[in-house]
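Report on one structure; see the data block that follows.
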Protein chains: 2
Amino acid sequence: MGANDLTSEKKMTAFQKVIDHLRDQIRSGKLPEHAALPSERAIGEHFGISRMTARRALLAVEQEGLAYSSGRRGRFVSPQRLTYDISKTVSFFAHAESGELGLKIELISKQIIQADAALAAKLAVAEGDTLYKYTRLFLLKGHPAFVEEEFAVAHLFPDLFSHDLQQSTTLLMEREYGMPPHSGDIAIRMRALNEEEAGLLGLPTYNAGIELEQVIFDAGGRPFCFGRQIWRGELAEFTAHAILRNRRSPTPGKV
Amino acid sequence: MGANDLTSEKKMTAFQKVIDHLRDQIRSGKLPEHAALPSERAIGEHFGISRMTARRALLAVEQEGLAYSSGRRGRFVSPQRLTYDISKTVSFFAHAESGELGLKIELISKQIIQADAALAAKLAVAEGDTLYKYTRLFLLKGHPAFVEEEFAVAHLFPDLFSHDLQQSTTLLMEREYGMPPHSGDIAIRMRALNEEEAGLLGLPTYNAGIELEQVIFDAGGRPFCFGRQIWRGELAEFTAHAILRNRRSPTPGKV
DNA sequence: CCAATGTCCTGGTATATACCAAGATAAAAG
DNA sequence: CTTTTATCTTGGTATATACCAGGACATTGG
């Protein structure tokens, strides 16, 4: 005992070695953005491990956000994370326009629906009121970033569907209907993708993503639009600057 | 050929059946919060599938946030998600005190360090300046919720470590040092846990979680504290209310 | 030149098995 | 009654193998 201490890190599991290797390759830039990672089988042979172990390692790297899988085409290096300042704008499109992000919108579906209880509460309308509903896929440089479902109070935006929906609806509502956003209620959480979302985002089902919900209010505090985005988790970062309201003791002196 | 169409959903994979079953059990309340899920082996036998397939199903349910694993003790039903309004308070503790959440703080480590480039930039001090650093684990009703690493500018808080760190440091800094938080810069993203975090949170490494970073400023706009929390993803939801700054056309009239 | 075809590579699913280590628990020893 | 020990259960890791279906791509036929 104590003769072979040179083999320092032998506690490492096989798939952790692979993870570390892939991480290095990606972080060092040897594998640039959107470059293909070795396949499960290739890694298995190269490291002398079974394909299933190689697979676990690749899935871990995927979870880590360093790589993304694209159906049966293979796995690729994730692009750099992008930040979305939720306290400055309610429209990601408006946010993205300034920087050159190569944003593209694909319309997946549009329909006219009746508000259910949950939507009615969020949009301060009666249950059964007419709403526009449309689903869109947002791509950054050709790569899926998030899926958005949006609900708009119908009577405020007559003939909304006659306009092009491949643009910022927030800007559209402001320009065409004189309805500028004034404030927003936002919720962010992590959850698993359902089958449809996974398909659109090119991810395996049950992958985790980040959901961002927002209710947009006009200057009078009336909600007119509710949106629900589900992002590829490795892609997004949300920032905000918060000014704190007066709390229990309105500290005299300053302020 | 056309005789057995009653077996309607036979395209379902084995592990999807298990997922649906577990989801039902949890959503319907047959399995209450923190109740134990069947083990991998038990599910395998019950559904006539191999343990590895049962395992994949359980991992998917875990990813979905419906269940959490707790080392080698088994898997359990996740408690209800809790919301944390980031635009109203910078202290989760202060936030949690009001509601009866059963919050407990465990001090993991504390040390005095020199600021590296990244920390120096965030806290507006010189590289090499002295900082307090402490890591704490936050538990809700006895269950790990998030790990927090906090960095405070040392010269502003003499003898910080002589105080009890099992309380809200924001409140501590306000009460003992007359340094109330005025505003905060917040960033939220999804990322994988490292080994230490996974251990503390009772999760397998490389699981995804939600990271919340915040820089806290005083009334003069000077940063004095930087915190980094990593949450169990299925547990947290972050909300904010944003008032939009004047954009291209400073809408006349209100405000 | 273009469309159709077939082959190869890829990840997704699934089985059956094996060993390990940590947690839980019951049994044995003090 | 308490402490220690041994056993059982659990998830974590790992292998070797197999079949399927979709994407990529070169070859073939018109």
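Quick note on labels: first sequence line is chain A, next is B, and so on, each numbered from 1.
If you measure from atom CZ of A/Phe76 to atom P of C/dT10, you get 11 Å, rounded to the nearest angstrom. The nearest whole Å value for the distance from the CG atom in A/Leu37 to the C1' atom in C/dC9 is 16 Å. When the C1' atom of D/dT15 is taken as reference, atom CD of A/Glu40 falls 15 Å away, rounded to whole Å. Counting to the nearest Å, the C1' atom of C/dA14 and the CD atom of B/Gln16 are 13 Å from each other. For the pair B/Glu45 CD and D/dT9 C1', the computed distance is 12 Å after rounding to whole Å. Note: CZ (A/Phe15) to P (D/dT15) measures 12 Å, nearest angstrom.
When the options B/Glu150, B/Glu148, B/Glu149 are evaluated for a salt bridge (Lys or Arg N to Asp or Glu O under 4.0 Å) with B/Lys133, the one that passes is B/Glu149.
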* Asked: Taking it one step at a time, do B/Ser70 and B/Arg73 satisfy side chain to side chain donor-acceptor pair (under 3.5 Å)?
  -> CA-CA 6 Å; B/Ser70 182; B/Arg73 277 187 298 124; 2.3 Å; yes

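Residue A/Ser50 places no side-chain N or O under 4.0 Å from the OP1 or OP2 atom of D/dA16. For C/dG12, the OP1/OP2 oxygens have no side-chain nitrogen or oxygen of A/Arg56 closer than 4.0 Å. At the phosphate of D/dT10, OP1 or OP2 sits under 4.0 Å from a side-chain N or O atom of B/Ser39.
In this structure, B/Glu62 pairs ionically with B/Arg75, as a charged nitrogen and a carboxylate oxygen lie closer than 4.0 Å. Salt bridge status for B/Arg23 with B/Asp20: present, with a side-chain N to carboxylate O gap under 4.0 Å.
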* Using a cut-off of 4.0 Å between protein heavy atoms and nucleotide atoms, how would you tag nucleotides 18-26 of chain C 5' to 3' with B, S and -? -> B--BSSS--

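As judged by a 4.0 angstrom heavy-atom cut-off over every strand, B/Ile49 is placed among residues touching the sugar-phosphate backbone only.
Checked by atom type and distance alone, the side chain of A/Thr169 never pairs as donor or acceptor with a backbone atom of A/Leu172 at under 3.5 Å.
Aromatic rings from A/Tyr132 and A/Phe161 are positioned such that their centres are separated by under 6.0 Å.
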